[in-house]
Amino acid sequence: MERKAAVRVNTPPPDPSTRPARLTVGVVGAGRVGPPLAASLRLAGHRPVAVSAVSDASRRRAEELLPDVPVMPPADVLQRADLVLLTVPDDTLPGLVEGLVETGAVRPGQLLVHTSGRYGIGVLAPALRAGALPLALHPVMTFTGSSVDVHRLAGCSFGVTAPEELRLAAEALVIEMGGEPEWIEESARPLYHAALAIGANHLVTLVAESMDLLRTAGVAAPDRMLGPLLGAALDNALRSGDAALTGPVARGDAGTVAAHVTELRRHAPASVAGYLAMARATADRALSHGLLKPELAEDLLDVLAHGAGPGTDGGAR
């Protein structure tokens, strides 16, 4: 059989307009977030040119992640950079933006990027009036301020808020840092950030408290004990949501929950309020999704309302 010659398809080169121009990058606030983001932009071909750092720790981070990049005051950083990362605490951001505008540091056409989860682009309104281009790019990641963070950005979601005309530029910058852009409306930023705080910040508190209680119970290596359990629980929750609920609250084991409260009052009274609050939330979700049988819920909710159950020494009812 005669073979047909293979057809060769010439793939056109990438459209240069889809790739952001190489930018000079400045960082205002060398905390845990700014230097890793600037380092990731450097890997994408952009050029960090200046960073502001006050504390010894921030200077060390800048030296480690942005070697040979000069440290200078914020206003000087803005004078050197086309793209400026404002990576300061949320409560500091509004005053910083106003101060930079008042001193004339903001230049027309300059990209100003903040990384706050709480704020959208509204907080950059003074800079917008001065001609800057505002972007809110919040990496959904916990940062250490070390080179590890640069690698963790691969596949990391970013909460993106920007004017419509800058949306493609914002998304392109996120992709260049290895992230995945997720569009968040301006009005939804506080709720979006609250959701992340519940899931990540509160998780650390819960895990640390669990390890403390296990040590009190005599467990020598609580981290090793919890690792497989919490890993499976997180995986199940992400896959199945409320259907992954297990344990005495979801089963309606009021006696077990009452015993928990009694022991916590005895050994860790500061943990009782948190246990009861989370148990009530768990019970509500289990009831709503049909996991907790209504006939078992009454005794359980009574225990949670009073902080103890029949036959326990958890205190007066």
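If you read the sequence from its start, that first residue is 1, and numbering goes on from there.
Judged by distance alone, with hydrogens and angles left aside, the side-chain atoms of Arg280 form a donor-acceptor pair with the main-chain N or O of Leu304 at under 3.5 Å. Checking side-chain atoms of Arg118 against main-chain N and O of Ala194 turns up no donor-acceptor pair under 3.5 Å. A distance-only check finds no donor-acceptor pair linking the side chain of Asp76 to the backbone of Met72 [under 3.5 Å]. Looking at His114, its side chain does come within 3.5 Å of a backbone N or O of Ser116 through a donor-acceptor pair. The backbone N or O of Ala81 lies less than 3.5 Å from a partner atom in the side chain of Gln110, making a donor-acceptor pair. Between the side chain of Arg32 and the backbone N or O of Ser146, no donor-acceptor pair lies under 3.5 Å. A side-chain donor-acceptor contact under 3.5 Å links Ser40 to the backbone of Leu37. Using a distance-only test at 3.5 Å, with no hydrogens or angles considered, no donor-acceptor pair links the side chain of His193 to the main chain of Arg189. A side-chain donor-acceptor contact under 3.5 Å links Arg61 to the backbone of Gly31. Here the side chain of Thr161 pairs a donor or acceptor atom with the backbone of Ile184 at under 3.5 angstrom.
Rounding to the nearest 0.5 Å gives a distance of 10.5 Å between CG of Leu23 and CZ of Arg47. Going from atom CG of Leu292 over to atom CG of Asp253 covers 9.5 Å, rounded to the nearest 0.5 Å. Atom OG of Ser55 and atom CZ of Arg60 lie 7.5 Å apart (nearest 0.5 Å). One finds the CG atom of Leu301 at 11.5 Å from the NE2 atom of His306 (value rounded to the nearest 0.5 Å). Annotation: the span from Glu180 atom CD to Ile175 atom CD1 amounts to 9.0 Å, rounded to 0.5 Å. Between the OG1 atom of Thr282 and the CG atom of Leu291 there is a distance of 11.0 Å, given to the nearest 0.5 Å.
Using a 4.5 Å heavy-atom cutoff, the side chains of Val257 and Leu300 are in contact. Using a 4.5 Å heavy-atom threshold, the side chains of Leu78 and Val28 count as touching. For the pair Phe158 and Met177, the minimum side-chain heavy-atom distance is below 4.5 Å. A heavy-atom distance below 4.5 Å is not found between the side chains of Leu229 and Met225. Taking 4.5 Å as the limit, some side-chain heavy atom of Pro163 sits within range of a side-chain heavy atom of Pro134.
Between Arg59 and Asp56 no salt bridge is recorded (no basic side-chain N to carboxylate O distance below 4.0 Å). A salt bridge links Arg285 to Asp242: at least one charged side-chain nitrogen sits closer than 4.0 Å to a carboxylate oxygen.
Nearest heavy-atom pair across Leu287 and Ala297 is CD2-CB, 3.9 Å. Nearest heavy-atom pair, Gly29 versus Thr87, reported as atom, atom and distance to 0.1 Å: O-OG1, 2.6 Å. A pairwise comparison of heavy atoms in Leu41 and Leu83 identifies CD1-CD2, 3.8 Å as the closest pair. In this structure, Leu65 and Gly145 approach most closely via the heavy-atom pair CD1-O, 3.6 Å. Contact between Arg42 and Leu66 at its shortest, heavy atoms only, is NH1-CA, 4.2 Å. The heavy-atom pair separating Ser58 from Ala30 by the smallest distance is CB-O, 3.1 Å.
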Audit row: Leu226, Ser210, side-chain contact (heavy atoms from CB on, under 4.5 Å) steps and yes/no: CA-CA 9 Å; Leu226 285 174; Ser210 179; 3.5 Å; yes
side-chain contact (heavy atoms from CB on, under 4.5 Å) between Val160 and Glu182, intermediate numbers included: CA-CA 6 Å; Val160 177; Glu182 183 71 35; over 6 Å; no
Residue pair Asp149, Leu153: steps toward the side-chain contact (heavy atoms from CB on, under 4.5 Å) verdict: CA-CA 6 Å; Asp149 299 327; Leu153 288 173; 5.7 Å; no
Full working for side-chain contact (heavy atoms from CB on, under 4.5 Å) between Thr115 and Leu86: CA-CA 7 Å; Thr115 58; Leu86 303 178; over 6 Å; no
Stepwise salt bridge (Lys or Arg N to Asp or Glu O under 4.0 Å) check, Glu298 with Lys293: CA-CA 9 Å; Glu298 185 176 352; Lys293 296 178 181 178; over 6 Å; no
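For the side chain to side chain contact (heavy atoms under 4.5 Å, CB included) with His46, the qualifying choice from Asp82, Leu173, Thr24 is Leu173, the only one to do so. Of the residues Glu209, Glu263, Arg265, His260, the one that meets the side-chain hydrogen bond (donor to acceptor under 3.5 Å, both in side chains) test with Ser271 is Glu209.
Summarising the local packing, CD of Glu64 is surrounded by more than 12 heavy atoms from other residues, nucleotides or ligands at distances under 6.0 Å. The local environment of CD in Glu186 is crowded, with over 12 non-hydrogen atoms from other residues, nucleotides or ligands closer than 6.0 Å. Within 6.0 Å of atom CG in Leu168, 12 or fewer heavy atoms from other residues, nucleotides or ligands are found, so the atom counts as exposed in its surroundings.
Following chains of ILVMFWY side-chain contacts shorter than 4.5 Å, one cannot reach Leu230 starting from Leu245, and the two form parts of different hydrophobic clusters. Neither Leu214 nor Leu264 shares a network with the other; the hydrophobic side chains, linked directly or stepwise wherever heavy atoms of I, L, V, M, F, W or Y lie under 4.5 Å apart, form separate groups for each. Leu85 and Leu135 end up in the same hydrophobic cluster when Ile, Leu, Val, Met, Phe, Trp and Tyr side chains are linked at under 4.5 Å. Follow the hydrophobic side-chain contacts under 4.5 Å out from Val204 and you never reach Met141; the two are in separate clusters. Taking hydrophobic clusters as Ile, Leu, Val, Met, Phe, Trp and Tyr residues chained together by side-chain heavy-atom distances below 4.5 Å, Leu133 does not share a cluster with Ile121.
For Tyr119 and His138, the distance between ring centers is not under 6.0 angstrom.
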